[in-house]
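Data first, discussion second: the structure below is written as C-alpha cells.
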Amino acid sequence: MSKQNTVQGVLTGMRRGGGGGGQGRGQGGIRFGNEPGMRPAGMSLADEESMEQRMLAGTGDTDKRARHQHDQEVFHTLLRHHDQIQRELTRLPDGIRSLTTSANPEIVGLLHDHVPAMHHRLEENFGLRFWDPAFPEIFAQREKVRMEVTLVPNGVLVEETSEDPNVVILIQAHGAVINLFVQRGFAQAQEVSPLPDNYQRVLGG
Ligand code: HEM
C-alpha cells in the first residue's frame, strides 16, 4: 500500500488551527471512521452527530458543516486506532502538560490536524459533544483557558493552563478524558466524561 502517499495526503490536508476541508482521506492506509458499518452498534455518537448536523444545517453555514464533518472523521479515526497512540499526562499546579504520540506517521498526521483544530474551535467557540457536560463547560470557560500547542515529529505537545483554580480542575479533567479516549477508544466516547464534584459548573444542569 502507498503508505507514504497517504501520509503526505494527511499532512498536506492539515490546516493549522482550522481543520482541513476533508482532505487527507486515507487511500489504502488508514480509513476515516464514518464509513457505513464502522460505528459501534447502538451508540449515542450517532445521535450526537445527527443532532450536530441538524444544528449546523440550521445555520446555513456550509463551511462550518464541512469543517465539523472533517473534524469528526479525524477524531473517530483516532478513537478507532486508539491502541496505536501513547500519551504522557503531567499535572501542573495551573493545568496540564501532555505529550501524545504515535509510531504510525498517519496517526501523527491526524494528531497534527485534531489538536490545532480543537484549539481553534475553542478560540472561536465552535462547540461539540453538547450532551457531555465536560465539553460545553470547557467551551464556556474558553476565555480563561490558555492552550499552547507544539507539533513534534511523532505527535503533539500541549500545555493547557488557567489562572482560575476552578478552570484548572476542568482542564485536568479534560486531560484525563483524553487519556481514557486513548485507553478505551469508542467505548469511552459513548460515555459521559467524568467531571469532578469540586468543579463548579458555569452552565445549568
Ligand atoms: C483517541 C482519541 C483522541 C485523541 C488522541 C485526542 C487528542 C487530543 C489532545 C492531545 C488534545 C489537547 C489537550 C490534551 O492534551 O489534553 C485534545 C483536545 C481536545 N479534543 Fe481531542 N482527542 C481524541 C478524541 C476526541 C474526541 C472524541 C473529541 C470530541 C468529540 C475531542 C475533542 C477535543 C476538544 C474539544 C479538545 C480541546 C479541549 C481540551 O483540551 O480538552 N477529542 N485532544
Side-chain angles (χ1 to χ4, degrees), residues 2-40 43-82 84-85 100 102 104-132 134-140 142-143 145 147 149 151 155-156 158 160 174 177-178 181-182 185-186 188-190 193:
S2 57
K3 203 171 182 189
Q4 205 53 41
N5 288 343
T6 308
V7 173
Q8 278 308 329
V10 170
L11 290 177
T12 51
M14 177 190 118
R15 210 171 62 193
R16 245 208 107 100
Q23 307 98 316
R25 220 161 272 270
Q27 296 154 346
I30 286 175
R31 298 199 305 158
F32 276 130
N34 67 341
E35 301 91 341
M38 283 287 180
R39 243 174 236 129
M43 72 172 297
S44 57
L45 274 185
D47 299 339
E48 178 210 0
E49 281 155 16
S50 61
M51 184 185 89
E52 287 178 351
Q53 288 300 339
R54 273 201 308 278
M55 189 192 76
L56 287 166
T59 69
D61 189 335
T62 47
D63 179 56
K64 277 202 158 172
R65 226 179 306 158
R67 274 179 57 201
H68 182 70
Q69 195 172 351
H70 173 82
D71 291 346
Q72 199 167 67
E73 287 171 356
V74 170
F75 59 65
H76 281 184
T77 310
L78 289 171
L79 289 169
R80 194 145 40 88
H81 296 281
H82 68 99
Q84 293 185 51
I85 302 171
T100 310
S102 177
N104 181 338
E106 293 182 56
I107 303 280
V108 174
L110 297 175
L111 289 170
H112 284 183
D113 183 318
H114 174 72
V115 182
M118 292 302 117
H119 183 199
H120 186 49
R121 282 180 74 143
L122 261 190
E123 286 176 337
E124 64 182 328
N125 196 20
F126 182 11
L128 79 187
R129 223 178 137 87
F130 298 100
W131 55 272
D132 184 3
F135 282 77
E137 284 289 332
I138 197 125
F139 279 90
R142 70 193 177 283
E143 282 169 12
V145 176
M147 193 172 171
V149 176
L151 304 185
V156 186
V158 175
E160 209 172 336
H174 262 256
V177 168
I178 310 287
F181 286 160
V182 168
F186 271 110
Q188 183 64 39
Q190 293 176 68
S193 302

Quick check: closest heavy atoms across [X] and [Y], and the distance to 0.1 Å?
X: P136; Y: R129; result: CD-O, 3.6 Å
X: F126; Y: H68; result: CZ-CB, 4.0 Å
X: Q188; Y: F181; result: CG-CD2, 3.7 Å

Taking the side chain as everything from C-beta on, heavy atoms only, tell me whether [X] gets closer than 4.5 Å to [Y].
X: M147; Y: E123; value: no
X: L128; Y: F75; value: yes
X: D113; Y: H70; value: yes
X: P116; Y: L151; value: yes
X: Q69; Y: E73; value: yes
X: H81; Y: S102; value: no

Legend entry - Short side-chain to backbone donor-acceptor contact, R67 and A117, under 3.5 Å: no
Legend entry - Backbone N/O of D71 and side chain of H114: donor-acceptor pair under 3.5 Å: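 Answer holds: no.
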Inset, instruction - For F139, check ring pair (Phe, Tyr, Trp, His ring centres under 6.0 Å) against everything at least two apart and list the hits. - result: none
Inset, instruction - Please list, chain by chain and in numerical order, all residues satisfying ring pair (Phe, Tyr, Trp, His ring centres under 6.0 Å) with H82, sequence neighbours excluded. - result: none
Inset, instruction - Any chance you could lay out the side-chain contact (heavy atoms from CB on, under 4.5 Å) test for H174 and V145, step after step, and finish with the verdict? - result: CA-CA 12 Å; H174 262 256; V145 176; over 6 Å; no
Legend entry - Contacts of type side chain to side chain contact (heavy atoms under 4.5 Å, CB included), residue E143, not counting sequence neighbours: none
Legend entry - Worked check of side-chain contact (heavy atoms from CB on, under 4.5 Å) between R80 and H76: CA-CA 6 Å; R80 194 145 40 88; H76 281 184; 5.9 Å; no
Inset, instruction - Apply side-chain contact (heavy atoms from CB on, under 4.5 Å) to V158 and T100, showing your working. - result: CA-CA 8 Å; V158 175; T100 310; over 6 Å; no
